[in-house]
There are 2 protein chains.
Amino acid sequence: MDLPFDLETFLPYRLNRAAERISLRFAARYRESFQMTRPEWRTLAALGSCGQMTATEIGAHSAMHKTKVSRAVRALEQRRWLKRIEDTKDRRVENLELTPLGRQHYRELVAMAQDYEQTLQTLLGKDALTQLENGLTAIETSMTPS
Amino acid sequence: MDLPFDLETFLPYRLNRAAERISLRFAARYRESFQMTRPEWRTLAALGSCGQMTATEIGAHSAMHKTKVSRAVRALEQRRWLKRIEDTKDRRVENLELTPLGRQHYRELVAMAQDYEQTLQTLLGKDALTQLENGLTAIETSMTPS
DNA sequence: CCATAACTGTCACTTTTGTAACTATCAAGG
DNA sequence: CCTTGATAGTTACAAAAGTGACAGTTATGG
């Protein structure tokens, strides 16, 4: 029995490769302007766009391990970019929120993100981008945080 | 000026999240059967499907950092799953090739991969999968190894 | 030729990450 | 109440990753 397996059609491999290329290129930008790691940017982005969230929610939203989130939260807190707000109903939970300073930097990073989005759109073409997004949506709806 | 930025449409973020979910779920499978890391699997897969390659080529193909590849190669070599073949024209280069033992394990892993492909296909739907693949192809052709 | 620059792969060093255990808290059921 | 089990977040430790420098080799251009 022979193997009709082609790595070029294997989704996990391709997806990782694409994500790595796209994400590292963007990370290189904010890294030198803000000395920020990827987990930190993702945490900031989640809070900036969703408002108040808990660490667990951030982890589910961004598919980051909880210790990664924990460390990113601490780093952002030390920069005074976010603050912890204790939950009145459940004292295990910490509600996280950007400070005005954090929101300000968030806006700057959003500008960079939008610029990069432009780059990607001209690079990939609008049609391919749409198809990609449809596929990602399917993943997001069917692969609930395992 | 307000911000019409939506994280839910930002490609690097979404791509990473999807890749992480899809790839970790598969990694969990071969990890417990083979005690294999993701770089090791990717290296094995690249060699298994492309035949002889150099470390640099593997890195470009899989978007892995060269030290990651170097370590994965060493690990696979210690298992006797691959062998190094010196290049006659350029002595800096090491041509890498799977051993029969390596190919045997490659086949087992391919079977797992195909099984997972099935899972994904039923989970995501054939249509979404096709769109996703078209999008990935666009990335692959336009984002040459930076 | 020779000097310089570029390239391949590895290593020491440092940083980042995951694992598993832990504290503190809450929830359910007797 | 009290016990058991689950959950949120942190941490110590170990594993993995990136950085920068390196040795060895090849390419380029005087």
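Values below: every heavy atom of this structure, side chains too, minus hydrogens, waters and symmetry copies. Chain letters run A, B, ... following the sequence lines, proteins first, then strands; residues in each count from 1. These figures come from a predicted structure and were not determined experimentally.
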Engineer: Are Arg38(B) and Glu20(B) close enough for a salt bridge, meaning some N to O gap below 4.0 Å?
Structural biologist: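 Yes.
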Engineer: When we call it a touch if two heavy atoms are under 4.0 Å apart, what does Arg74(A) touch: a base, just sugar-phosphate, or nothing?
Structural biologist: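 Touches sugar-phosphate only.
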Engineer: Specify the angle, to 10°, made by the local axes at the two ends of the helix from dC1(C)-dG30(D) to dG30(C)-dC1(D) when five pairs are taken at each end.
Structural biologist: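 That helix gives 30° between its end axes.
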Engineer: Check whether any side-chain N or O of Ser70(A) sits under 4.0 Å from OP1 or OP2 of dT10(D), and answer yes or no.
Structural biologist: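 Indeed, a polar side-chain atom of Ser70(A) lies that close.
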Engineer: Have Thr137(B) and Arg14(A) got a donor and an acceptor in their side chains that come within less than 3.5 Å?
Structural biologist: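 The answer is yes; a qualifying pair exists.
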Engineer: So if I take residues 42-57 of chain B and measure heavy-atom distances to DNA chain C, which residues fall below 4.0 Å?
Structural biologist: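 The answer is Thr54(B), Ala55(B), Thr56(B).
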Engineer: When we call it a touch if two heavy atoms are under 4.0 Å apart, what does Arg31(B) touch: a base, just sugar-phosphate, or nothing?
Structural biologist: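 Sugar-phosphate contact only - Arg31(B) comes under 4.0 Å of backbone atoms but never of a base.
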Engineer: Begin from the C-alpha positions of Thr37(B) and Arg71(B) and carry the test side chain to side chain donor-acceptor pair (under 3.5 Å) through to its verdict.
Structural biologist: CA-CA 11 Å; Thr37(B) 65; Arg71(B) 284 154 183 154; over 6 Å; no
Engineer: To the nearest Å, how far apart are Lys66(B) NZ and dT8(C) C1'?
Structural biologist: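 Going from NZ in Lys66(B) over to C1' in dT8(C) covers 7 Å.
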Engineer: Would you please test Lys83(A) and Leu98(A) for side chain to side chain contact (heavy atoms under 4.5 Å, CB included) and show each step?
Structural biologist: CA-CA 6 Å; Lys83(A) 58 173 182 280; Leu98(A) 295 187; over 6 Å; no
Engineer: By a strict heavy-atom criterion of less than 4.0 Å, which residues belonging to residues 83-91 of chain B are in contact with DNA chain C?
Structural biologist: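 Within this stretch, Arg84(B) sit under 4.0 Å of the strand.
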Engineer: Whether the Tyr30(B) and His105(B) side chains hold a donor-acceptor pair (N or O, under 3.5 Å, no angle test) is what I'd like checked.
Structural biologist: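 There is no such pair between these side chains.
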Engineer: Closer to the 5' end of DNA chain D via nearest nucleotide, is it Arg71(A) or Glu20(A)?
Structural biologist: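 Looking at the nearest nucleotide for each, Arg71(A) comes out on the 5' side.
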Engineer: Separation of His65(B) atom NE2 from dC11(C) atom P, in whole Å?
Structural biologist: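 The distance from NE2 of His65(B) to P of dC11(C) comes to 15 Å, rounded to the nearest Å.
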